[in-house]
Every structure is written in C-alpha cells, then in structure tokens.
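Input: a single structure, listed below in structure tokens.
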Amino acid sequence: MFKTRLLSGIGLVAAALVLIIAGGEVLLAATCIISLIGMYELYRVYQIEKTAAAGVGYLAAVLYYSDLYASWIPDKMMLVLGLTAVLLSVYVLAYPKYHASQVTAVFFGVFYVAVMLSGIYQLREIEHGQYLVWLIFLCSWGCDTCAYCVGVLFGKHKMSPVLSPKKSVEGAIGGLVGTFLLTALYGALFRAQMGLTSARVWLLAAVSVAGGMCSMIGDLAASAIKRNYKIKDYGTLIPGHGGILDRFDSVIFTAPVIYYLAAGLLKRV
C-alpha cells in the first residue's frame, strides 16, 4: 500500500510540474477536467452524478472555465443567476425526483470544486505566477506532510477526535511551522524572479501560514462530508490516495486564498 501511494504521489508531482510549467490553455483545460471529475465524485455521494441536475452543474463549470479563457460573460453574476434559474427549473419540472439537498449539492459542487480550484490557473496567469502558484501546493501538500511527520513523532493531543482521530494539535502546529519555513526558503531562492524584498519574503511566508490553516480546514471539511455519508474515499482514480477530492481536498480551499492574498501582496511590491 505504501509503495503504491508513494508511486502515485510521485506521479502526481510530476504531472503537476508538467501542467503548471506549461500554464496557459494546457493548465486551464487540465484544471477544468480535474474539476469535472471532482464534481462527479461529489455528486456521486448524493447519488445524482448521472442526472440532468448534475449535468447543469457540469455545464456551469465548463462555461465558467471558458469565460476564464475568453472573458465572454460580461458579469459573473449572470452565470450564478443562470445556474440558479436552470437548476430550479429542473428541480420543479422533475419533481419529486430530486430532494432539495441534492439540488443544493449541485450548486455547492460548482463553487466548492470548480470555482475554488480555478485559483490554481488564475494565480499561474498573473505576473510572477509561474513562481507564486507553487505556494498553493507548499501550503497544502507541504503542510500535510510536515503535520504528518510531527504528529507521528510528537502528537499527543487530538485536534478533532471524532472527525479525524489521527490528527493532533502538535501535528497541526508542526504543519504550519513547516509551511512557514518552506515558503521562506522558497521565497529566498526565487526572490529576484518574483521581484520581492527580504521583508516581502517573510510576508509571503506569513501568507502561507493562512494558506496552511485553510488547507487543514479543507481537508477536514472533505472528511466531514465522507463521515456524514459513511464513505471511505470519494473514488479510486488515484491508486493509494482515492479520488480527486481525496487528494485535492486541501488544495481546493487553499488555491483561492493564496491567489487573492499573494496577488494582493505582489500588487503592493
């Protein structure tokens, strides 16, 4: 199991390297596809993954990503209103096929998965984005790795005993400290490329702590949904890891936070 998980992890890192370095249309298309798979996994929890209601969600995600590329929708609120109107129409016309919670899940899935994951593409496309975008993964996968190592060595106090009994307070602190140090090191190495002063490198490291906290919340939130519906994994797409949502649960929440915080910081440089 460990070997399978390790090899899959190496493959994920390699794929991330290729896609993020390529950027542009390649990264946009890949992020859209990953989002659609993640939405499918989420909708499967609610047993609607192959229904017309879910189709409305998939279509909304594709339209959203196409707008990120071509900016053809004058106002994003139009997409929100359109999604709401069509989704409610399907709900009413097909009644009583769908439960209200299922319709809500479709709406939630578009924003929770597709919109939030798009932070990866959006951060990659801004100035210095080819360097900044890696902060998302430092704050999610890096924090998770540091938290795991510290938790195994020193963990004594349970952080969330009911939701995730293996996670400890010590591990969480270790994850945040590790994220801060990793970002500081990364920022120091690529300071010139990002046009940062030494003070801004430390600010970026502080931003990463906020990202690390969000990654933990994202991880626990995805676990809470699984607990509510009594499932172990969202899927089996990634051997040893589960589905897209099992591996990207922390990235989903971290991506938009780092996008807005890091982009805002760079504008003040």
Side-chain angles (χ1 to χ4, degrees), residues 1-2 5-6 8-10 12-13 16 38 41-42 45 108 112-113 116-117 119-120 123 132-189 201-234 238 240-262 264-265:
M1 181 66 177
F2 174 76
R5 186 178 177 85
L6 177 62
S8 295
I10 293 172
L12 282 173
V13 172
E41 292 176 350
L42 181 65
V45 173
F108 172 67
Y112 171 59
V113 183
M116 295 183 80
L117 264 182
I120 298 173
L123 184 56
L132 289 170
V133 70
W134 295 105
L135 295 179
I136 294 172
F137 300 96
L138 280 176
C139 293
S140 51
W141 296 349
C143 181
D144 183 56
T145 301
C146 291
Y148 174 79
C149 293
V150 174
V152 168
L153 294 173
F154 306 106
K156 293 182 179 180
H157 302 86
K158 302 299 182 183
M159 184 171 68
S160 182
V162 176
L163 181 56
S164 188
K166 292 184 179 180
K167 287 183 170 59
S168 66
V169 174
E170 292 82 1
I173 294 172
L176 295 178
V177 172
T179 301
F180 180 87
L181 295 176
L182 285 171
T183 304
L185 177 61
Y186 179 78
L189 289 173
V201 170
W202 292 112
L203 280 175
L204 204 62
V207 165
S208 74
V209 174
M213 293 176 66
C214 289
S215 76
M216 293 181 189
I217 294 172
D219 181 19
L220 290 171
S223 296
I225 295 173
K226 289 192 288 187
R227 292 271 184 178
N228 284 159
Y229 288 88
K230 296 178 175 58
I231 59 172
K232 184 178 183 297
D233 293 315
Y234 283 102
I238 308 172
H241 293 268
I244 287 294
L245 292 183
D246 295 296
R247 183 64 276 179
F248 285 82
D249 49 7
S250 57
V251 175
I252 286 173
F253 194 14
T254 307
V257 171
I258 294 299
Y259 167 62
Y260 285 110
L261 292 181
L265 175 65

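Note: hydrogens, waters and symmetry copies are ignored here, and every other heavy atom, side chains too, is used. Keep in mind that what you see is a predicted model, and the values were worked out from it rather than measured.
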Scan the side chains in residues 159-166 for donor-acceptor partners under 3.5 Å anywhere in the protein, sequence neighbours excluded, and list what turns up.
| residue | atom | partner | partner atom | Å |
| --- | --- | --- | --- | --- |
| S164 | OG | K167 | NZ | 3.4 |

What salt bridge (Lys or Arg N to Asp or Glu O under 4.0 Å) pairs are there with at least one residue in residues 171-180, not counting sequence neighbours? none
Return the CZ to CE distance between F253 and M213, rounded to the nearest 0.5 Å. 10.0 Å
What residue pairs, at least two apart or across chains, pass ring-ring contact (aromatic ring centres under 6.0 Å, His included) with a residue in residues 207-228? none
Is there a donor-acceptor pair under 3.5 Å between the side chain of N228 and the backbone N or O of I225? no
Quick one: list whatever passes ring-ring contact (aromatic ring centres under 6.0 Å, His included) with Y229, sequence neighbours left out. Y46
Side-chain (E170) to main-chain (H157) donor-acceptor, under 3.5 angstrom: yes
Could you work out, with ring-ring contact (aromatic ring centres under 6.0 Å, His included) as the rule, every residue matching Y148, not counting sequence neighbours? none
Which residues share a side-chain contact (heavy atoms from CB on, under 4.5 Å) with V201, sequence neighbours left out: R191, L196
Apply side-chain contact (heavy atoms from CB on, under 4.5 Å) to I173 and list each qualifying residue two or more places apart in sequence or on a separate chain. V169, V177
Hits for side-chain contact (heavy atoms from CB on, under 4.5 Å) against A210, two or more places apart or cross-chain, chain-then-number order -> L261
Rounded at 0.5 Å granularity, tell me how far CG in L220 sits from OG in S215. 9.5 Å
Sequence neighbours excluded, every pair satisfying side-chain hydrogen bond (donor to acceptor under 3.5 Å, both in side chains) that has a member inside residues 176-189: T183-S208
According to the interplanar angle, ranging from 0 to 90°, do the rings of Y112 and F108 count as parallel (below 30°), tilted (30 to 60°) or perpendicular (above 60°)? parallel
Short question: side chain of E41, backbone of L245 - any donor-acceptor pair under 3.5 Å? yes
Among pairs that include at least one residue of residues 248-258, which meet side-chain hydrogen bond (donor to acceptor under 3.5 Å, both in side chains), considering only residues two or more places apart or in two chains? none
